[in-house]
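Here's the structure, in structure tokens; my notes come after.
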Amino acid sequence: MGTNEEEKRKAMEDWEKLKAAEKQSLQDYRTELAMCNICAFCRIRCPVYQQVKWESVTPRGKMQILRNVVKGWIKPTPEVARRIFSCTTCQICNDQCDAEVNPFNILKVARKEFTAQGLGPLSAEKKMDRRIVEYKNPYKEPQEDRFNWLEVEVPKTADTLLYFGCVTAYRYGETGRAIVELLKKAGYDFTITPDEGCCGMHPYWDGEMKLSVDIAKENIEIFKKTGAKKIVTACAGCYSTFKNAYPELVDNFDFELVHFSELLLELIKNGKLKLKKTNPMKVTYHDPCHLGRHSGVFDAPREVIKSIPGVELVEMEHSGRDSQCCGGGGGYFTEFPEDAVEIAEKRVREAEETGADALVTTCPLCKTNLDLAIKRLDSNLKLYDLSDLVLEHLA
């Protein structure tokens, strides 16, 4: 048996074991797939459809494809898989679904099943997953360089573990320094681990379930060595992975999980962080899909912004649970970079319409895509991570 066939067979065996444990497969969703009434409410807000205008990439289009796959009328093919993976995982389709089918839940299972059959992930995402296996990050960066921007000493053990994530660690060291400086200023006790690696978000959304389980188990052992009972992260994707994926993947993820915006708000309210007024500015906030709709954190970042003297928060037309996706999630940016940035351009234009001076977010992936869009549009908007905005106003 050839290597590819052997890999497919092993993947199917792993999938069957996981499927038995989860009791979830596309066949389990036969009724929900039949309930899709093709109303097009999901299509109206789907960021991918708004960009490419193909019916087959809309949630309702995918539901019809999968319904025919389940019935045996359509065979799963690479082209079918490409349609299923053409998704930013923004999850707005669940909120828009008039039939309450929750199409996103079905699409998540479809990704797992297609990958188990050797039809996923798509090529660019597959390369990224392999880099994560080899380097513990998607950028092929050396592990010893992960925290080369860190300028202060931190305890080797503490009750709170500060987890940065790959994007912040390797691409936004200035934000990493801001986070550390804010916690040091507040006198907050925390540790980091030099063994920090990828949270496994990309493999999880690619349907690489065996790899996702392995990463989760390895990370949990690393976390336990720090003595921490709480994990704080400023990355929306890492937060969502720990909160929503790990309980599905493993049985022993029993850490308290806090997003950094929630901790910031607590420190500000308790007087641990004092903020000063600088030049008056008007800002608007972009809700990361994986922090907002996936994880239910909407208020904390806004309350932090409102607590800064001289800073006025103005909302975009689509905000909170109704927020429009930036196009950067779910591997979409990796596989379809041009479309992803054009989706972000729409979001930047919406931000500009508020009259804001700056656009603030709490996700390094969103920041990456929005930054590209701002530069391509030659926009005057200044882009901030929430941590950087707070540090700029630290008394």
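- Linking ILVMFWY side-chain heavy atoms closer than 4.5 Å, directly or via other members, places Phe336 and Phe333 in two distinct hydrophobic clusters.
- Pairing each heavy atom of Glu32 with each of Val101, the nearest pair is O-CG1, 3.5 Å.
- Distance alone, capped at 3.5 Å, is enough to place a donor-acceptor pair between the Asn369 side chain and the Ala340 backbone.
- Other residues, nucleotides and ligands place no more than 12 heavy atoms under 6.0 Å from the NZ atom of Lys185.
- Counting non-hydrogen atoms of other residues, nucleotides and ligands closer than 6.0 Å to CG of Asp251 gives a total of 12 or fewer.
- Geometrically, Lys367 engages Tyr172 in a cation-pi contact defined by less than 6.0 Å to the ring centre and at most 45° from the axis.
- Within 6.0 Å of OH in Tyr139 there are more than 12 heavy atoms belonging to other residues, nucleotides or ligands.
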*asked:* One pair to check against salt bridge (Lys or Arg N to Asp or Glu O under 4.0 Å): Arg82 and Glu79. What are the steps and the verdict?
replied: CA-CA 5 Å; Arg82 190 167 181 82; Glu79 189 56 40; 5.4 Å; no
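- One finds the CD atom of Gln96 at 5.5 Å from the CZ atom of Arg45 (value rounded to the nearest 0.5 Å).
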*Take Tyr163 and Phe242 through the test ring pair (Phe, Tyr, Trp, His ring centres under 6.0 Å) and record every step on the way to the result.*
CA-CA 11 Å; Tyr163 182 94; Phe242 294 148; 5.0 Å; yes
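- For the pair His286 and Leu359, the tightest heavy-atom approach, listed with the atom from each and the gap, is CB-CD1, 4.0 Å.
- Of the inter-residue distances, the one linking Lys230 atom NZ with Leu263 atom CG reads 6.5 Å to the nearest 0.5 angstrom.
- To the nearest 0.5 Å, atoms CG (Leu365) and OG1 (Thr334) are separated by 8.5 Å.
- Counting non-hydrogen atoms of other residues, nucleotides and ligands closer than 6.0 Å to CD of Glu100 gives a total of 12 or fewer.
- Here the CZ atom belonging to Arg302 is positioned 14.0 Å from the OG atom belonging to Ser307, to the nearest 0.5 angstrom.
- The cluster map of Ile, Leu, Val, Met, Phe, Trp and Tyr, joined by side-chain heavy atoms under 4.5 Å apart, puts Val133 and Tyr135 in different clusters.
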*asked:* Pair Glu392, Lys276 - check side-chain contact (heavy atoms from CB on, under 4.5 Å), show working.
replied: CA-CA 9 Å; Glu392 191 173 281; Lys276 65 183 179 182; over 6 Å; no
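- Residues Val152 and Leu182 are members of one and the same hydrophobic cluster, defined by side-chain heavy-atom contacts under 4.5 angstrom among Ile, Leu, Val, Met, Phe, Trp and Tyr.
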*Using the ring pair (Phe, Tyr, Trp, His ring centres under 6.0 Å) rule, take Tyr170 and Trp149 through it: C-alpha gap first, then chi angles, then the decisive distance, then the call.*
CA-CA 9 Å; Tyr170 289 115; Trp149 43 264; 9.6 Å; no
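- With no hydrogens or angles considered, a side-chain donor-acceptor pair links Thr160 and Tyr188 at under 3.5 Å.
- Here the shortest heavy-atom pairing between Arg83 and Ser56 reads NE-OG, 2.6 Å.
- Figure legend: cation-pi geometry between Arg321 and Phe298 absent, as NZ or CZ is not positioned both under 6.0 Å from the six-membered ring centre and within 45° of its axis.
- Judged by the 6.0 Å distance and 45° axis criteria, Lys53 is positioned over the aromatic ring of Tyr49.
- Applying side chain to side chain contact (heavy atoms under 4.5 Å, CB included) to Cys199 and the options Cys235, Ser212, Cys238, Cys166 leaves one that passes, Cys238.
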_Pair Lys112-Glu208, salt bridge (Lys or Arg N to Asp or Glu O under 4.0 Å): steps then yes or no_ = CA-CA 7 Å; Lys112 298 174 186 177; Glu208 296 268 18; over 6 Å; no
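- A single hydrophobic cluster is not seen to contain both Leu383 and Leu389; linkage of ILVMFWY side chains at heavy-atom distances under 4.5 Å, directly or through other members, places them apart.
- The line from CZ of Arg349 to CD of Glu352 is 4.5 Å long, rounded to the nearest 0.5 Å.
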_If you apply the rule side chain to side chain donor-acceptor pair (under 3.5 Å), what do you find for Tyr246 with Asn219, and how did you get there?_
CA-CA 10 Å; Tyr246 275 34; Asn219 281 336; 2.9 Å; yes
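- Residue Lys272 places its NZ atom among 12 or fewer non-hydrogen atoms of other residues, nucleotides or ligands, all under 6.0 Å distant.
- No hydrogens or angles considered: a donor-acceptor pair under 3.5 Å links the side chains of Tyr285 and Thr362.
- When all heavy atoms of Ile132 and Pro203 are compared, the pair lying nearest together is CD1-CD, 3.9 Å.
- Paired with Leu370 under the rule side chain to side chain contact (heavy atoms under 4.5 Å, CB included), one option of Cys363, Ser379, Cys326 passes, and it is Cys326.
- Counting only distance, with no hydrogens or angles, the side chain of Thr191 and the backbone of Pro155 share a donor-acceptor pair below 3.5 Å.
- Hydrophobic cluster membership is shared by Met201 and Phe104, with clusters built from Ile, Leu, Val, Met, Phe, Trp and Tyr side chains linked at under 4.5 angstrom.
- Residue Thr226 holds its OG1 atom at 11.0 Å from NZ of Lys224, rounded to the nearest 0.5 Å.
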*Given the rule in the side-chain contact (heavy atoms from CB on, under 4.5 Å) test, do Val258 and Thr233 qualify, once you have shown the distances and angles that lead to the verdict?*
CA-CA 7 Å; Val258 178; Thr233 181; over 6 Å; no
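- Within 6.0 Å of NZ in Lys156 there are 12 or fewer heavy atoms belonging to other residues, nucleotides or ligands.
- A donor and an acceptor atom, one from each side chain of Thr175 and Asp388, are located under 3.5 Å apart.
- The one candidate from Leu394, Leu183, Leu391 that meets the side chain to side chain contact (heavy atoms under 4.5 Å, CB included) condition with Leu273 is Leu394.
- Results of the side chain to side chain contact (heavy atoms under 4.5 Å, CB included) test with His393 over Met281, Lys277, Lys274 single out Met281 as the only residue that passes.
- The hydrophobic cluster around Ile92 extends to none of the other residues, as no ILVMFWY side-chain heavy atom falls under 4.5 Å of it.
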*asked:* Between Gln324 and Gln50, is the side chain to side chain donor-acceptor pair (under 3.5 Å) condition met? List the steps.
replied: CA-CA 11 Å; Gln324 192 68 21; Gln50 289 178 358; 3.1 Å; yes
*asked:* I'd like to know whether Val283 forms a side-chain contact (heavy atoms from CB on, under 4.5 Å) with Asp357, so could you lay out the CA-CA distance, the side-chain angles of the two residues, the decisive distance to 0.1 Å, and finally the verdict.
replied: CA-CA 6 Å; Val283 309; Asp357 305 302; 5.9 Å; no
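- Taking both residues in full, the closest heavy atoms of Pro364 and Thr168 are given as CG-OG1, 3.7 Å, listed atom of the first, atom of the second, then distance.
- Scanning all heavy atoms of the two residues, the minimum distance from Arg146 to Gly165 falls at NH2-C, 3.5 Å.
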*Determine, step by step, whether Phe85 and Phe114 satisfy the ring pair (Phe, Tyr, Trp, His ring centres under 6.0 Å) criterion, reporting the C-alpha distance in whole Å, the side-chain angles of both residues, the deciding distance to 0.1 Å, and the verdict.*
CA-CA 10 Å; Phe85 280 86; Phe114 276 48; 7.2 Å; no
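- There is a side-chain donor-acceptor pair under 3.5 Å between Glu55 and Thr58.
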*Full working for side-chain contact (heavy atoms from CB on, under 4.5 Å) between Glu218 and Lys136*: CA-CA 11 Å; Glu218 180 180 0; Lys136 296 183 69 174; 3.8 Å; yes
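- A donor-acceptor contact shorter than 3.5 Å is absent between the side chain of Glu134 and the backbone of Asp129.
- Between the side chain of Glu350 and the main chain of Glu317, a donor-acceptor pair closer than 3.5 Å is present.
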